[in-house]
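Scroll down for the structure; my scribbles are underneath it.
Order of listing sets the numbers, starting from 1, for every ligand and every atom in it.
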Amino acid sequence: MDNRPIGVFDSGLGGLTAVRELMDLLPNESIVYLGDTGRVPYGTRSKETILKYARQDINFLNTFDLKAILIACGTITTNGLDMIQKEYPLPILGVAEPAARAAAAATRNGRIGLIATQASIRSGLYERIIRAESPQTEIFSVPCPLFVSLVEAGHYAKGDPMVKLAAEEYLTSLQEQKIDTLILGCTHYPLLSDAIEDFFGPAVTLINSGAQGALTFREMLAQKDLLADPQQVSATYQYYVTDRTEQFSRLAAVFLGRPVSGLVEQVVIDQ
Ligand code: DGL
């Protein structure tokens with residue numbers, strides 16, 4: 001048993017889709033969340049910049065006495081999880097491998113779509129993991145850079161004209177490829193699930209990378225005997241952002257699917 005909090009971070013609000021899942025799966029775990037809202041998006045940047053930002057994120061989280069960290073960001077996971085795991089002593093997991101494995105298990109026709117940020121698609125990591133699992137599977141990848149900005153700006157409803165337009169632009173080629181499974185490889189994208197489901201209809205299974213990451217994170221905590229003792233602790237939540245807290249507080253409740261309880265504070269992490 002370990003009653004210390006877990007750390008979760010993302011370039012912005014997207015990682016809250018993983019936090020939502022963690023809150024359901026592990027109601028006794030305390031969480032320290034960092035959203036680097038001052039520098040979102042990461043997905044349009046170089047690997048070097050993504051890694052620099054990720055290290056600053058982790059160095060901030062490490063000012064708390066954490067037992068483990070979930071990188072609730074497809075972009076950081078695909079561009080640096082292996083390196084980051086070697087640099088820090090505590091257990092650190094990402095979202096790409098759990099989502100890729102879930103997709104490989106879910107597909108029936110062997111045709112998987114992947115939507116993610118440009119940096120994630122460029123890394124090729126999701127594809128490599130799926131091919132290692134099932135070499136015959138065909139994977140069709142499309143970067144969807146505008147999805148992150150739309151979500152961060154509060155445009156996620158399926159009837160929203162801007163969301164509809166972006167969905168048509170990004171998803172039409174995947175529909176033509178007759179995929180039956182779609183990886184939402186960026187943790188912001190599950191907020192667009194209604195719009196994406198509306199576009200594809202029920203024949204395409206959506207794989208939520210944040211939720212899959214949270215499931216694997218729970219398994220890891222259990223295996224390492226790091227789960228909190230439910231008799232001793234009740235969960236507390238702290239949220240840190242690198243830009244104004246107002247926008248975060250407004251949208252966080254939507255991402256979390258519940259009111260935001262706990263501290264929300266703006267911090268400086270790049271010094
Ligand atoms: N939520 C992120 C991801 O999972 C990052 C989006 C971005 O910053 O571009 O990729």
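Within ligand 1, the atoms closer than 4.0 Å to a non-hydrogen atom of Cys186 are 1 (N), 2 (C), 3 (C), 4 (O), 6 (C), 10 (O), numbered from 1 in the order shown. Distances below 4.0 Å separate heavy atoms of Val40 from the following atoms of ligand 1: 8 (O). The Tyr42 neighbourhood of ligand 1 comprises atoms 7 (C), 8 (O), 9 (O), with distances under 4.0 Å to a heavy atom of that residue.
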Steps toward salt bridge (charged side-chain N to carboxylate O under 4.0 Å, His left out) verdict (Glu29, Lys67) | CA-CA 11 Å; Glu29 298 295 337; Lys67 60 184 170 190; 2.6 Å; yes
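In this structure, CD1 in Ile69 is found 10.5 Å from CD1 in Ile6, a value given to the nearest 0.5 Å.
For ligand 1, the polar-atom distance check against Thr117 finds no nitrogen or oxygen pair separated by under 3.5 Å. Residue-to-ligand polar distances keep Pro41 apart from ligand 1: every N/O pair is separated by 3.5 Å or more. The shortest N/O to N/O separation between Gly43 and ligand 1 falls below 3.5 Å. Any N or O atom pair closer than 3.5 Å counts here, and Ser120 shares no such pair with ligand 1.
The shortest heavy-atom distance from Gly12 to ligand 1 is not under 4.0 Å.
The protein heavy atom nearest to atom 10 (O) of ligand 1 is Thr75 OG1, 2.6 Å. When hydrogens are left out, the protein atom nearest atom 2 (C) of ligand 1 is Asp10 OD1, 3.3 Å; that is the closest non-hydrogen contact.
The aromatic rings of Tyr239 and Phe248 lie tilted to each other, with the angle between the two planes from 30° to 60°. Ring pair Tyr53/Tyr42 is tilted by interplanar angle, where 30° to 60° counts as tilted. Relative ring orientation between Tyr240 and Phe60 is described as perpendicular, the plane-to-plane angle rising above 60° on a 0-90° scale split at 30° and 60°.
Donor-acceptor pairing under 3.5 Å is lacking for the side chains of Ser120 and Ser123.
Using a cut-off of 4.0 Å between Lys/Arg side-chain N and Asp/Glu carboxylate O, Glu97 and Arg101 are scored as salt-bridged.
Side-chain atoms of Thr63 never come within 3.5 Å of backbone atoms of Asn59 as a donor-acceptor pair (strictly under, hydrogens ignored).
Heavy atoms of Thr187 found under 4.0 angstrom from ligand 1 belong to the backbone as well as the side chain.
For atom 8 (O) of ligand 1, the nearest non-hydrogen atom from the set Gly74, Ser11, Pro145 belongs to Ser11.
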